[in-house]
Amino acid sequence: MLKKPYAVIILMAVFWGVQVYADGHKVAIASAHPLATTAGFEILDKGGNVFDAAVAVSAALAVVEPAGSGLGGGGYWLLHREKDGVETLIDGREKAPLAAYKDMYLDKEGRVIAKLSLDGALAAAIPGMPAGLVHLSEKYGQLPLAESLAPAIRYAQTGFAIGKRYLKLLKFRSGLIKQYPTTAGIFLNNGKLPKPYSILRQPDLALTLTQLAESGRDGFYSGAIAEKLVNGVKKAGGIWTKEDLESYQIVEREPVRGQYNGIKITSAAPSSSGGIVLIEALNILSGYNLQKTDDITRKHLITEAMRRAYHDRSLYLGDADFIDIPVKRLLSEDYAAGLRSSIRPDKALPSNMLSGEIQQQPEGTNTTHFSIIDDEGNRVAATLSINFPFGSGFVAAGTGVLLNDEMDDFASLPGAMNGYGLVGGVANAIAPEKRMLSSMTPTFLENDSSVAVLGTPGGSRIISMVLLAALDFAQGNGPDSWVRVPRFHHQFIPDVIEYEKDAMTNSEIMGLAAMGHQLKAARYRYGDMQAVLWHKTTQSLAAASDKRGEGRAVVGH
Ligand code: DON
């Protein structure tokens, strides 16, 4: 049960995207699902800190938003602990199995076999989420793991009402899910889509979470659950072994850092490309006074910065444990100045002048993000994923764990597009135990008066969404505005600006086209940004959840 003050505040925040100011209250949480936000406050109520709350929110999302993230996936938790200034990135990204190899998704002629890295057990990499939760709880939390996992276990046992967004994503992947009786048994009703607001119970997942709660990482990575996972994957044509699970380790990494107009940026380091691409784009843009330029030029300059930063993503970025990444150069202001000098104020640079071929991009889909901050400045930005909605579609019998299809984030072949139209080369080639390059961008922004915590799902578009939100923060706006910003995106290849319909006026479309840009309206609005803000000077908190999703932002405690 919620304590009274929460109930009032939660009622106040029932409408998505509502920015809630509640001076005197202590913690702000924004997540993609109301029950996940509630789980966070439940754990704070029990005496947990923001890191315990982050464990609770992550685990709850794994249950109530199974399309987006889960124990069968991975992700990144960016943390800041105020009392000693510890700032770290928990890299819980999945790893390629030991038996993985560079050409594993190619046919005899060396062509990519469609969907092999997206659908079914062979698409699944070794999950990092369970290890991440254990580590986050044991090293940074103050409650036992079992306590922080309790709300998620309860949601899995007793069930929850499924929403419209869930059903839309389920419909999108139902063809795949029907191929796997165990998965269909959980998410479909005799092979049919369930009714809106019907109750989804996940008893096997509740048992797996209980194993994790009782035995820590051994509860997932060795013993009975591990055996079921490995056997199930093997039977379904996958290549997992016991050693893969036993040897999986999260890595704590130094986040990447940058500056933009007096704002300190802290974000995800490789194995995610998010932080580097974000800071590189902001470094390029720092040479312009964007507030003084007209709207067409402003959008042109932002697009050209995105083009160049995403181009470097495709050339240089991959798992830092496997390749040398010129991080210092990519983040340097001099390097950005060089890139800036190649930008004409009146003309687009075709991407094939940078390098590569122009190709079409298929539509992208789901993942999750949540943000937490307290009024001491402790904070967590976490982006978690199983990649495509419902991941690989595969659940090993008796585990309830939907496995990811994150192997698709590798470059199966240099220059070939992945599910988000991204291209890569040797830096992101498949290798045993390597992490596939991510775009997840959990981020902190800090200036003299405030600290922002933000992030979003959205595949390759994650970074450009966070970039637009950062520029909005720089204009002095609050979280309700950052999550609302109409979005446009350019990722080097395909050479096109994809825009939400309200992001461009007709005259902007014409003006940008006259400069040589190609433009395409997005078929739907995208992203599900979750953001919180701590106003240092007034000691107040604010939170906002993207109206494009079904999340909830609450300031409370
Ligand atoms: O790590 C990545 O970049 C992707 N697997 C994230 C996928 C994602 O955000 C899907 N959401 N729309």
Side-chain angles (χ1 to χ4, degrees), residues 32 61 65-70 72-78 89 91-96 117-119 123-125 127-129 132 165-166 168-169 172-173 267-278 310 313-314 317-319 361-370 381-392 402-412 417-424 428 434-443 454-466 487 489 491 498 500 522-530 546 548-551:
L61 286 167
E65 210 199 14
S69 68
Y76 302 89
W77 293 264
L78 181 65
L89 178 77
D91 180 343
R93 179 70 159 168
E94 300 91 327
K95 286 178 145 195
S117 58
L118 278 171
D119 295 351
M129 172 87 152
R165 180 181 162 87
Y166 169 93
K168 204 170 92 188
L169 297 170
F172 173 59
R173 295 291 264 175
S267 191
S271 57
S272 181
S273 62
I276 291 182
V277 175
L278 172 68
Y310 274 91
R313 180 193 195 280
S314 73
L317 301 188
D319 183 349
Q361 176 208 14
E363 299 292 333
T365 38
N366 203 46
T367 279
T368 201
H369 178 88
F370 68 85
T383 314
L384 309 166
S385 184
I386 52 172
N387 199 26
F388 266 39
F390 293 88
S392 65
L402 195 45
L403 300 185
N404 69 83
D405 58 353
E406 220 77 68
M407 290 296 285
D408 190 62
D409 278 348
F410 279 118
S412 294
M417 287 187 305
N418 78 349
Y420 301 103
L422 289 167
V423 294
N428 191 29
K434 190 174 174 183
R435 290 179 157 92
M436 57 297 294
L437 186 62
S438 175
S439 301
M440 291 189 255
T441 315
T443 298
L454 69 159
T456 178
S460 56
R461 302 171 185 129
I462 292 173
I463 315 172
S464 62
M465 286 188 253
V466 174
R487 292 164 182 158
H489 171 75
Q491 61 179 45
E498 191 204 47
E500 289 185 327
R523 275 194 284 153
Y524 44 78
R525 307 195 82 202
Y526 57 86
D528 192 9
M529 185 169 281
Q530 309 296 329
D546 201 324
R548 298 165 181 85
E550 297 176 351

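Whatever order the structure lists them in is the order used to number ligands and atoms, beginning at 1.
- Under a 4.0 Å N-O distance rule, the pair Asp409/Arg93 qualifies as a salt bridge.
- With a 4.0 Å heavy-atom cut-off, ligand 1 is reached by no atom of Glu94.
- Distances from atom 2 (C) of ligand 1 to the heavy atoms of Asp409, Asn418, Ile463 show the closest one on Asp409.
- Any N or O atom pair closer than 3.5 Å counts here, and Gly459 shares at least one such pair with ligand 1.
- In summary, of the residues considered (Thr441, Thr383, Leu89), a side chain to side chain contact (heavy atoms under 4.5 Å, CB included) with Leu78 occurs for Leu89 alone.
- With a 4.0 Å cut-off on non-hydrogen atoms, Met436 does not touch ligand 1 at all.
- An N or O contact shorter than 3.5 Å is missing between Pro457 and ligand 1 by distance.
- Atom numbering of ligand 1 starts at 1 in the shown order; those under 4.0 Å from a heavy atom of Thr367 are 6 (C), 7 (C), 8 (C), 9 (O), 10 (C), 11 (N).
- Annotation: cation-pi pair Arg461/Tyr526 present, NZ/CZ under 6.0 Å from the ring centroid and within 45° of its normal.
- Residue contacts with ligand 1 for Tyr420 involve side-chain atoms from C-beta outward but no N, CA, C or O (heavy atoms, distance under 4.0 Å).
- Under a 4.0 Å criterion applied to the non-hydrogen atoms of Arg93, ligand 1 contributes the atoms 1 (O).
- Using a 4.0 Å cut-off between charged side-chain N and carboxylate O, Glu500 and Arg525 make a salt bridge.
- Close approach of ligand 1 to Ile462 is summarised as follows: ligand atoms under 4.0 Å from at least one heavy atom of the residue are 9 (O).
- Remark: Glu65 engages no residue in a salt bridge (charged side-chain N to carboxylate O under 4.0 Å, His left out) (not counting sequence neighbours).
- Near Gly458, with a cut-off below 4.0 Å to any heavy atom, the atoms of ligand 1 are 8 (C), 9 (O), 11 (N), 12 (N).
- Atoms of ligand 1 found under 4.0 Å from any heavy atom of Ser439, numbered from 1 in the order shown, are 1 (O), 2 (C), 3 (O).
- Partners of Asp408 according to the salt bridge (charged side-chain N to carboxylate O under 4.0 Å, His left out) rule, which considers only residues two or more places apart in sequence or in another chain, do not exist here.
- Within the listing of ligand 1, atoms 1 (O), 4 (C), 5 (N) sit less than 4.0 angstrom from a heavy atom of Glu406.
- Considering Met407, Met129, Met436 in turn, Met436 is the only one that fulfils the side chain to side chain contact (heavy atoms under 4.5 Å, CB included) rule with Glu94.
- The main-chain N or O of Ala124 is never found under 3.5 Å from a side-chain atom of Asp405 such that the two would form a donor-acceptor pair.
- Interface of Met440 with ligand 1, defined as ligand atoms under 4.0 Å from a residue heavy atom, comprises 1 (O), 3 (O).
- Proximity of a side-chain donor or acceptor of Glu550 to a complementary backbone N or O of Arg165 within less than 3.5 Å is detected.
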